[in-house]
J.: 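First the structure, which I've put down as structure tokens, then a few questions once you've had a look.
Just so you know, these numbers come straight off a predicted model, no measurement behind them. Convention: sequence-line order gives letters A, B, ...; per-chain numbering from 1.
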2 protein chains.
Amino acid sequence: MLPRHSAVTLEQVARQAGVSRATVSRIVNGVSTVDPALAERVNVVVKQLGYVPNLSARSLASRRAGAVALVVPEDVERFFGDPFFGALVAGIQGKMRGSGFLLDVLIAADDPRQTSDLLLGGKVDAAILFSHRIEQSFMSMMSASLPVVLAGRPSDATEPTCHYVDVDNRGGAEFVTRHLLERGHRRIAMIRGPEDSPAAADRLQGYLDAHEAAGIEPGPIVAGDFTSAGGVAAAERLLDEGASCTAVFAANDLMAIGTMGVLRRRGLRIPDDIAVAGFDDVPSAADTVPPLTTVRQPSREQGAALAEAALALVAGEQVEQGQVLATELIVREST
Amino acid sequence: MLPRHSAVTLEQVARQAGVSRATVSRIVNGVSTVDPALAERVNVVVKQLGYVPNLSARSLASRRAGAVALVVPEDVERFFGDPFFGALVAGIQGKMRGSGFLLDVLIAADDPRQTSDLLLGGKVDAAILFSHRIEQSFMSMMSASLPVVLAGRPSDATEPTCHYVDVDNRGGAEFVTRHLLERGHRRIAMIRGPEDSPAAADRLQGYLDAHEAAGIEPGPIVAGDFTSAGGVAAAERLLDEGASCTAVFAANDLMAIGTMGVLRRRGLRIPDDIAVAGFDDVPSAADTVPPLTTVRQPSREQGAALAEAALALVAGEQVEQGQVLATELIVREST
DNA sequence: TTGTACGCGTTATCAT
DNA sequence: ATGATAACGCGTACAA
């Protein structure tokens, strides 16, 4: 296994140009205190030799990596299947561009050791994590030696040890539930998300809040898992149990879409027989029949805020610890 | 901006354990020629101090990075919206795990310089590229100093300078078109993919091949862009132009799904009034109404083959330059 | 403005 | 089996 690396080094450029290594370094890094004529001459040599800085050496010497890691959970297929993540990443990448920092997307291996080695190994200056299933102890170990920003709130709020950017899940769920109540529904079922998801918990809470504020008792609540198939299963369970409800609020759009399929197959008309609402406003939510009432979350903005926070922390600036972005009710024809 | 890095070094561990740096290095790297008792003692210190190897220093000294880059095109939203990519990445990641190599997903900035600096900067030992829009000159520059493997065939086949793993797009398109012809269709429209995509070109060619083999003239061909919205637009254009066809073959499933929506909205019955076929076999293709006839491409296997090739090249092994994986016709109820 | 020289944390070679 | 010690390629005081 021979070393493939291009092998043309600062030293070689310096020799060829008849200057010192330090000078070439300055020129390559755009330090202003250098004679323009000399810089020009050196740059010619740089191009001619095809010099490319060795990033490992650079970060070893400079003690900074010039990169931010985006750590995504192991479940690759789900990650890529959900448009929500795409929007988030687009927002992050947008802010990152032109910052001089690189974005490394890392698919977290099951082995947390590998993950920590990577983050603490000096290859990145900060990390953006997707909060899904992250051990608190692991998290605090990370943030002890590296700026860490979470997408979504920490699941364990007792020890708010790190920065995060969340969206107002609770408020959004309250809006949509209130909307259903205002439409006259008095018996609203909910398909909730996974137990370990803070977002799912918050959406459930918003649903409960709206009921309490209206003095109305909550309807049946069944468990779901944020997938379309899970929505199908939950809806079938709901109907099979003979629960009497005139509306169902699914904790995300994928489950809402699965629910709509079940209702249609059972001959129920939406929204006349039963109304359906979701959460996320994925692109296809506008194209379902009928179009889905849902809650829009500003994913791109969330991504941008995450990146901004990470970069600010790297720069040593003060950053507010928790940021919660507003959500918006999108009323369509399914309610 | 203070250096955040954990600062606990091999040297410190060595001092604390009363051994030399070299010994600690050997233990950390699992070199067998070391006294088990000593190793045990040192490992205690390693944990106690929370030592984590500095990866920059390691790759500088060892002249290898222990990582493979996956370079994806700039269009983040499209990338994440398409389950095909998810499967590909899952396949890559699956092979990579346990190889000791890390997978860095890099979203290529518009600036090719940044990309090349990154790939040639010694932070990765090999690169897997998605062939979409890559300049030939750029490519050959990369592969001159780094093993490069392409997902999909090179767009410019004249100079087969690099390794690639493709699927049999042409064959798959021919299968599905022949299937439609065998069903009795004599006028089959095609919604093709983007001009600059080799996969799109191959699928179009397969469609033409099948017609030629049957001695039947191809139907109308309209342009698409591999997105669902693009499929909607293309289908509408097709119908508005009053093209008479009894079947439509979309170059990928997302466009086929968009097309089905348009047909349904216009009151056309699938497959009675008009048949629809796609390409990719994304998960949701089985859940459309009616389920979509399509071509399955072995994306996970393609990903695995890509990773395998990249790792083999890093190891200095010989690798066959072009690999083409078979595709399979999946007949469902839309045709 | 430019050059000298040291250090970054690790691997690897060579003695021992 | 273990310990010195020289690279690895670069940034950056400090000196000139």
J.: Of the options D:dG9, C:dG3, C:dT10, whose atoms approach the side-chain atoms of A:Ala57 most closely?
T.: D:dG9
J.: Between the base of D:dG9 and the side chain of A:Arg58, is there a donor-acceptor distance below 3.5 Å?
T.: no
J.: So, is B:Arg64 near the phosphate of C:dA12, with a side-chain N or O under 4.0 Å from OP1 or OP2?
T.: yes
J.: Could you check how far CG of B:Leu55 sits from C1' of D:dC8, rounded to whole Å?
T.: 15 Å
J.: Can you check the A:Arg41 CZ to C:dT1 P distance for me, whole Å?
T.: 16 Å
J.: Which residue is it: B:Glu301, B:Gln302, B:Arg153? I am looking for the one with a side chain to side chain contact (heavy atoms under 4.5 Å, CB included) to B:Val165.
T.: B:Gln302
J.: Which nucleotide, C:dA5, D:dC14, C:dC14, lies nearest any side-chain atom of B:Arg26?
T.: C:dC14
J.: Rounded to whole Å, how long is the line connecting atom CZ of A:Arg15 with atom P of D:dC10?
T.: 12 Å
J.: Could you work out which one of D:dG3, D:dA1, D:dC10 sits closest to the side chain of B:Thr23?
T.: D:dG3
J.: Hey, what do you get for NZ (A:Lys123) to CZ (B:Arg58), rounding to the nearest 0.5 Å?
T.: 10.5 Å
J.: Nearest-nucleotide wise, let me know which of B:Ser62 and B:Val34 is further upstream toward the 5' end of DNA chain D.
T.: B:Val34
J.: Which atom names give the shortest non-hydrogen contact between A:Asp125 and A:Pro147, and what distance separates them?
T.: O-CD, 3.2 Å
J.: When you measure from the side chain of B:Leu10, which nucleotide among C:dT10, D:dG9, C:dT1 comes out closest?
T.: C:dT10
J.: Surrounding CD of B:Glu317 (heavy atoms of other residues, nucleotides or ligands, distance under 6.0 Å), is the total greater than 12?
T.: yes
J.: What is the distance, to the nearest angstrom, from the CG atom on A:Leu38 to the C1' atom on C:dG3?
T.: 12 Å
J.: If you compare all heavy atoms of B:Leu311 against all heavy atoms of B:Ser99, which two are closest, and at what distance to 0.1 Å?
T.: CD1-CB, 3.8 Å
J.: Return the nearest nucleotide to the side chain of B:Ala22; candidates are C:dA12, C:dG9, D:dT12.
T.: C:dA12
J.: In this structure, how many angstroms lie between the P atom of C:dC8 and the CG atom of A:Asn54, rounded?
T.: 18 Å
J.: C:dT11, C:dC8, D:dC10: which one has an atom nearest the side-chain heavy atoms of A:Thr9?
T.: D:dC10
J.: Hey, is the side chain of A:Asn29 poking within less than 4.0 Å of OP1 or OP2 on D:dG11, counting only N and O atoms?
T.: yes
J.: Using whole Å, what does the distance between atom C1' of nucleotide D:dG3 and atom CZ of B:Arg21 come to?
T.: 10 Å
J.: Return the nearest nucleotide to the side chain of B:Val19; candidates are D:dG3, C:dT10, C:dG9.
T.: D:dG3
J.: Which whole-number value in Å describes the distance from B:Leu60 CG to D:dC10 P?
T.: 9 Å
J.: Assign A:Thr33 to base, sugar-phosphate, or nothing according to its heavy-atom contacts below 4.0 angstrom with the strands shown.
T.: base
J.: Just N and O in the side chain of A:Arg63: are any of them under 4.0 Å from OP1 or OP2 of D:dC10?
T.: no
J.: Please determine whether a side-chain nitrogen or oxygen atom of B:Ser20 lies at a distance below 4.0 Å from atom OP1 or OP2 of D:dG3.
T.: yes
J.: Please determine which of B:Ser59, B:Ser56, B:Ser62 meets the side-chain hydrogen bond (donor to acceptor under 3.5 Å, both in side chains) test together with A:Ser56.
T.: B:Ser59
J.: Between atom CG in B:Asp35 and atom P in D:dG3, what is the gap in whole Å?
T.: 11 Å
